[in-house]
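Just so you know, these numbers use all the heavy atoms, side chains as well, and skip hydrogens, waters and symmetry mates.
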Amino acid sequence: MKRYYMHIFSFILVLASLFIVYHNDLQILLDETLSNEAFTHILLTPILTTFLFYTRRDLVKASIALEKPHNKYGIRIIDDLVGVILCLAAFLIYWYGSKTFYPLEYHILSLPILAMGIALITLGFKALRILLFPILFLLFLTPPPMEILYSTAGILANMETQIAYLLLKSLGLPAELSTEYGPPTIQLLSSLAGDPVGFTIDLPCSGIYTLIGLLMFSSFIALIAKSSVPRRVSIFAIGLPILESLNIIRIVTVVAIAYQLGGCLLYTS
């Protein structure tokens, strides 16, 4: 405890400083998260980030203990200089964001950059290298831009509707694909009613919200997994197709059940 008291004191001081600077933004972010289902994954980000930092505590202690005194005026000066530059960059991003229409996004984006700068100044490069990915995990606190979110959701909804339509046709169901008005719609002739039943995959039904959560958990699992880098990368390669396949199966199942029941206008959800 005596050996690391300065680092512990610095850590507490840094946390207090970050809270003073970002407490308004974090309060706004919390309100947005509780009112918008697209941001629900943000609630778990601090918990997962804290766990990642906790798992690397021994490595950080070891890197501090192995730091040689004669590097203090050589390499340490470079570390401090780069750390100050990172802190300055975070301040500029924060300041610039305050003058835009998206201040919250810019402010939260500056947080991991500032954390990297502080870690480099207080702990050194070796410790920063150990803590780099946990710090970058804080990027999941940044609210995704709604324009990109809706654009991606539209692409996913279009793709899923087309694949679901092909599967329904292969199953012999009387389905037609309509793209004249709005998003693609599967028109299905009910077995018990003469009027066609329309199934439109809206943006929330595209799985975009689940996709964001999947990316966050995949990153978390890749960081805590004790395996080779290719295996960690495969988590992303396998997770996305599985998620999309399950969503398409869900759509096909709902439409098939509606065909058997018939008689009402339904929308997938």
**Q.** Closest heavy-atom pair and its distance - Phe137, Phe220
**A.** CE1-N, 3.8 Å

**Q.** For Ala115, all residues meeting side chain to side chain contact (heavy atoms under 4.5 Å, CB included), sequence neighbours excluded
**A.** Ile135

Q.
Grouping I, L, V, M, F, W and Y whenever their side-chain heavy atoms are under 4.5 Å apart, do Leu167 and Ile249 come out in a common cluster?
A. no

Q: Please name all residues satisfying side chain to side chain contact (heavy atoms under 4.5 Å, CB included) with Leu171, sequence neighbours left out, ordered by chain then number.
A: Leu173, Val252

**Q.** Listed once per pair and sorted, the ring pair (Phe, Tyr, Trp, His ring centres under 6.0 Å) pairs that draw on residues 78-97, sequence neighbours left out
**A.** Tyr22-Tyr94, Tyr94-His107, Tyr96-Tyr106

Q) Taking atom CG of Leu43 and atom OG1 of Thr33, what is their separation to the nearest 0.5 Å? A) 5.5 Å

Let me check something: any side-chain donor-acceptor pairs from residues 138-146 under 3.5 Å, sequence neighbours excluded? List them with distances.
| unit_1 | atom_1 | unit_2 | atom_2 | d |
| --- | --- | --- | --- | --- |
| Thr142 | OG1 | Leu139 | O | 3.2 |

Q: Check Val84, Leu128, Asp79, Leu86 against Ile121 for a side chain to side chain contact (heavy atoms under 4.5 Å, CB included) and give me the one that passes.
A: Val84

Q: Hey, could you give me the CD/CG distance between Glu105 and Asp25, rounded to the nearest 0.5 Å?
A: 10.0 Å

Q: Heavy atoms only: give me the nearest Pro46-Thr50 pair and the separation to one decimal.
A: O-OG1, 2.7 Å

Q: Applying side chain to side chain contact (heavy atoms under 4.5 Å, CB included), name anything that partners Thr152, two or more places apart in sequence or on another chain.
A: Ile148, Leu156, Ile208

Q. Would you call Leu132 and Met116 a side-chain contact if the rule is heavy atoms closer than 4.5 Å?
A. yes

Q.
With rounding to the nearest 0.5 angstrom, report the NE2 to CD1 distance, His23 to Ile28.
A. 9.5 Å

Q | Smallest separation among heavy atoms of His41 and Gly213, with atom names | A | CB-CA, 4.3 Å

Q. Do Glu160 and Arg250 have side chains that get closer than 4.5 Å, going by heavy atoms?
A. no

Q) Under a single-linkage definition using a 4.5 Å side-chain heavy-atom cutoff for Ile, Leu, Val, Met, Phe, Trp and Tyr, are Ile47 and Phe217 assigned to the same hydrophobic cluster? A) yes

Q | Partner residues of Ile221 under the side chain to side chain contact (heavy atoms under 4.5 Å, CB included) criterion, sequence neighbours left out | A | Ile235

Q | Nearest-0.5 Å distance, CE of residue Met216 to OG of residue Ser218 | A | 10.0 Å

Q: Taking all heavy atoms of Ala164 and all of Ile186, pick out the closest pair and write down the distance.
A: CB-CD1, 4.1 Å

Q: Given side-chain contact (heavy atoms from CB on, under 4.5 Å), test Glu176 with Lys169 step by step and report yes or no.
A: CA-CA 8 Å; Glu176 297 294 336; Lys169 292 292 289 185; 4.0 Å; yes

Q: Would you please test Ile251 and Leu168 for side-chain contact (heavy atoms from CB on, under 4.5 Å) and show each step?
A: CA-CA 10 Å; Ile251 296 170; Leu168 290 168; over 6 Å; no

Q: Side-chain contact test, heavy atoms from C-beta onward, threshold under 4.5 Å: evaluate it for Leu123 versus Leu131 and give yes or no.
A: yes

Q) What heavy-atom pair brings Thr49 and Pro134 nearest, and what distance separates the two atoms? A) CG2-O, 3.6 Å

Q. Can you list the steps and then say if Leu52 with Leu48 is a side-chain contact (heavy atoms from CB on, under 4.5 Å)?
A. CA-CA 6 Å; Leu52 290 175; Leu48 299 180; 5.5 Å; no

Q) Would Phe125 and Ile78 show up in the same hydrophobic cluster when neighbours are defined by side-chain heavy atoms closer than 4.5 Å? A) yes

Q.
Hydrophobic cluster membership, with links at side-chain heavy-atom distances under 4.5 Å among I/L/V/M/F/W/Y: are Leu59 and Leu136 in one?
A. yes

**Q.** Flag side-chain contact, heavy atom, 4.5 Å: Leu26 against Ile108
**A.** yes

(Q) Using only atom types and a distance under 3.5 Å, with no angle test, would you say the side chain of Arg56 pairs donor to acceptor with the backbone of Phe53? (A) no

Q: First locate atom CG of Asn24, then atom CG of Leu104, and finally report the distance between them rounded to the nearest 0.5 Å.
A: 11.0 Å

Q: Measure across Ser98 and Pro103 and return the closest heavy-atom pair with its distance rounded to 0.1 Å.
A: CA-CB, 4.2 Å

Q: To the nearest 0.5 angstrom, please state how far the CD1 atom of Ile85 sits from the CG atom of Leu92.
A: 11.5 Å

Q) Does one hydrophobic cluster hold both Phe133 and Ile224, with members joined at side-chain heavy-atom distances below 4.5 Å? A) yes

